[in-house]
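Read through the structure below, which is laid out as structure tokens, and then see the notes.
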Amino acid sequence: MKSRWYKNAVVYQIYPFSFMDSNNDGFGDIEGIISKLDYIRNLGATAIWFSPLYKSPDYDYGYDVSDYKAIDEKFGTMEDFDRLVRECHRRDLKVIMDMVINHTSTEHPWFKEAISSPDSPYRDYYIIRKGRIEGANVIPPSNWESTFTGSAWERIGDSDDFYLHLFCKEQADLNWENPDVRREIIDILNFWFEKGVDGFRFDVFNMFSKVYPIQDDTSKDSFQKGAPYYVDGPRMHEFLKELNEKSFSLYDSFTVGESFHPSEEAARDYVREENGELDAIFSFGHLDSDNIGGKKFFPKPFDLLQFKDGFFNPQRAAYGEGWNTLVLENHDNPRCVNRFSINAAKYRYEAATMLAAVTYMGFGTPFIYMGQEAGLVNCDFKKIDEMMDPVSHFVYDLMTGYGMPKWLAFRFIKYGARDHSRVPIAWDDSANGGFNDGHAPWQCVNPKYPEINIKKDIESEKSVYRFYRKLLRIRKTHEEAVMGEIQEYDHENRRVIAYSRTYQGKKLFICANFSKHTTIYNFPDELSKYKIVLNNYQVDGRPARLPFVGKKGQKLILKPYQAIVLSYQP
Ligand code: TEU
């Protein structure tokens, strides 16, 4: 039976490469993670999601798995992992593994077998098709595009056959139509469950099912060529139900799917409790409020109304039906204080705390990305070669290939790069920000570490970390923060975001100034009924009294990026 523990959970995401390097070899590792578990627990987190720890040639830094039942050497051994699970559980921290099963590494034995001979039984583990003849050339079986630029098909040697890869060419898509593939996957999931893990985060799960036969995408408005044929595919619900029945439902688990631009209807169905598919999915719509058309490298001025839609819609859709997640950062996004047209040099503390309050008082399980809890900032990369993420290079090459000047292409890349959140964590002001004992890390450290690091934040009068602790405590002390129905106010307001959470007569009200201008907000309820439980503007370490104006004291003066949480108890 499922206890649905995830409803009260707070999940902390670790990107193992960059969290803590205990043996000073330049890579973060399991031993390093264990040394920081108390820190994570003290924050108020109750679960950890580990970005992939499996064996991988790292073309996409762990998201190309070559052995699903082995821990990669650079992170440690299987014994280290078993100890990690024990150390987490001893501290009441649940363990959530990343599961990357839309594709495998091309170094996975299945793939090597598959391409070794056209008669290999593993051939059908992947999506392999004959190319099309065009004059003297062999062209890919369809016009589908990889998420990481270019054709989604790669030719196998000098044969006429191509395999599908919706990401790097070193990540071959699995053929989920093949029951043997699904059997192997269920076996892998249960292997980890038997080891004691408590759940999974599924990488791009809504691409598992493709439309057959393979055909060209002729529509003009696809987000990405081919997307209508591989996003929310026809057998998605069936596949998830099978995994659920033969795996997740047998354990007291939490499963969360990372969705890639799902339709509203599909998104709701994936998480509807009675459907028995996933417990929750990630929705990233609000994170597209500062880029053009969901393309993260193309900046646009922040649009609060778009943020509100992206943030509230999935909550409203899931409420009463299933569960939701709350996300601001992850290993695929820049740091949140550097987004949304925020001047991080001036408002780092105010914006970091405002974003946290707005996000984590919402309906769903909070996900916090390592370092976000201390307001860590983007890295001031000076040149493309400092970036390790292949995507930064693919897009840079594409732009410069079209003739864009290098400096301009680099500026675009720097705006949306995944590298920002992947640099080693700045723990303190010692060498390499305390990430290790001075060995050059796999990815450069953020040169700002002497000024902006976790230790300094915790000791500072205005500490983002201490604010997070108070904020997360509200989810423990106020049931309505977890279970409450969500109501949004003043949707059209382009500076203020406001909503309430109501449960059994108790109410929390969250309102925040999402701008750098001091703003007057007409409070929509009787303000005197409420008590302030959180305010990111402090006087002598205590929440500042709220400045009210107007006859009945119904107007609030909100300073730049001020966020307050008010509570009403009948
Ligand atoms: O990401 C899926 C994804 O499509 C994006 O978030 C992607 O990183 C972005 O569009 C690139 O600009 C997942 C993982 O989170 C990501 O790290 C992997 O690279 C990707 O799948 C492939 O496994």
Side-chain angles (χ1 to χ4, degrees), residues 11 13-18 49-54 56-66 68 96-108 144-150 152 164-174 200-208 222-227 230-232 256-262 281-288 290-299 310 325 327-334 339 367 369-370 387-399 409 412-422 443:
V11 184
Q13 183 193 350
I14 290 182
Y15 188 70
F17 276 89
S18 294
W49 149 28
F50 297 97
S51 274
L53 289 161
Y54 318 104
S56 164
D58 293 332
Y59 286 97
D60 190 22
Y61 296 94
Y63 285 87
D64 47 327
V65 179
S66 57
Y68 291 92
I96 299 169
M97 298 293 272
D98 214 313
M99 204 23 97
V100 191
I101 45 182
N102 174 68
H103 41 265
T104 73
S105 160
T106 48
E107 290 185 21
H108 194 289
W144 298 3
E145 280 170 0
S146 148
T147 309
F148 291 173
T149 73
L164 181 74
H165 63 91
L166 295 177
F167 294 88
C168 289
K169 68 176 184 350
E170 292 82 6
Q171 295 165 298
D173 277 55
L174 280 166
F200 291 101
R201 171 262 185 197
F202 291 106
D203 194 63
V204 290
F205 79 94
N206 64 331
M207 289 183 169
F208 294 168
S222 298
F223 174 79
Q224 186 175 298
K225 270 277 169 269
Y230 53 72
V231 172
D232 300 327
V256 52
E258 183 213 23
S259 60
F260 183 85
H261 304 268
I281 63 169
F282 294 134
S283 303
F284 302 126
H286 57 305
L287 301 183
D288 287 329
D290 59 1
N291 66 43
I292 299 172
K295 303 281 184 194
K296 59 172 69 149
F297 298 106
F298 295 100
T325 57
V327 180
L328 262 175
E329 287 184 12
N330 58 31
H331 64 294
D332 291 337
N333 278 285
R339 307 189 59 168
F367 277 72
Y369 181 70
M370 60 180 202
M387 296 178 165
M388 302 300 285
D389 180 14
V391 178
S392 300
H393 292 264
F394 295 150
V395 180
Y396 178 82
D397 291 346
L398 188 76
M399 288 171 165
F412 283 128
I413 301 303
K414 222 172 132 172
Y415 184 72
R418 310 197 293 183
D419 306 85
H420 290 297
S421 57
R422 297 180 178 195
Q443 156 77 72

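Order of listing sets the numbers, starting from 1, for every ligand and every atom in it. Computation of the quantities below employed the complete heavy-atom set of this structure, encompassing side-chain atoms and omitting hydrogens, waters and symmetry-equivalent molecules.
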Quiz item: Does the ring center of Y15 lie less than 6.0 Å from the ring center of Y61?
Solution: no

Quiz item: Taking the six-membered ring where the residue is Trp, are the ring centres of F412 and F297 under 6.0 Å apart?
Solution: no

Relative to the ring of [Y], is the ring of [X] parallel (under 30°), tilted (30 to 60°) or perpendicular (over 60°)?
X: Y54; Y: Y68; answer: tilted
X: F167; Y: H103; answer: tilted
X: F148; Y: F394; answer: tilted

Quiz item: Under 4.0 angstrom from ligand 1, any heavy atom of F148?
Solution: yes

Quiz item: Should R201 be listed as contacting ligand 1, given a heavy-atom distance under 4.0 Å as the test?
Solution: yes

Practice problem: For ligand 1, note which part of K295 has a heavy atom under 4.0 Å away: side chain, backbone, both or neither. | Solution: neither

Quiz item: Just heavy atoms, cut-off under 4.0 Å: does R422 contact ligand 1 by side chain, backbone, both, or neither?
Solution: side chain

For ligand 1, which atoms sit closer than 4.0 Å to a heavy atom of [X]?
X: F260; answer: 4 (O)
X: Q171; answer: 22 (C), 23 (O)
X: K296; answer: 9 (C), 11 (C), 12 (O)
X: R418; answer: 7 (C), 8 (O), 16 (C), 17 (O), 18 (C), 19 (O)
X: D60; answer: 18 (C), 19 (O), 20 (C), 22 (C), 23 (O)
X: H331; answer: 14 (C), 15 (O), 16 (C), 17 (O)

Quiz item: Given T147, D332, V391, which has its nearest heavy atom closest to atom 17 (O) of ligand 1?
Solution: D332

Quiz item: Do T106 and H165 come within less than 4.5 Å of each other through their side chains, counting heavy atoms only?
Solution: no

Quiz item: Hey, does H103 come in under 3.5 Å of ligand 1, counting only N/O atoms on both sides?
Solution: yes

Quiz item: Less than 4.0 Å between a side-chain N and a carboxylate O, is that true for D60 and K169?
Solution: no

Self-check item: Heavy-atom nearest neighbour in the protein, as seen from atom 1 (O) of ligand 1, with distance rounded to 0.1 Å
Solution: E258 OE2, 3.1 Å

Quiz item: Just checking, any donor-acceptor pair under 3.5 angstrom between side chains of S51 and Y63?
Solution: yes

Self-check item: Rounded distance [0.5 Å steps], CZ in F284 versus NE2 in H261
Solution: 9.5 Å

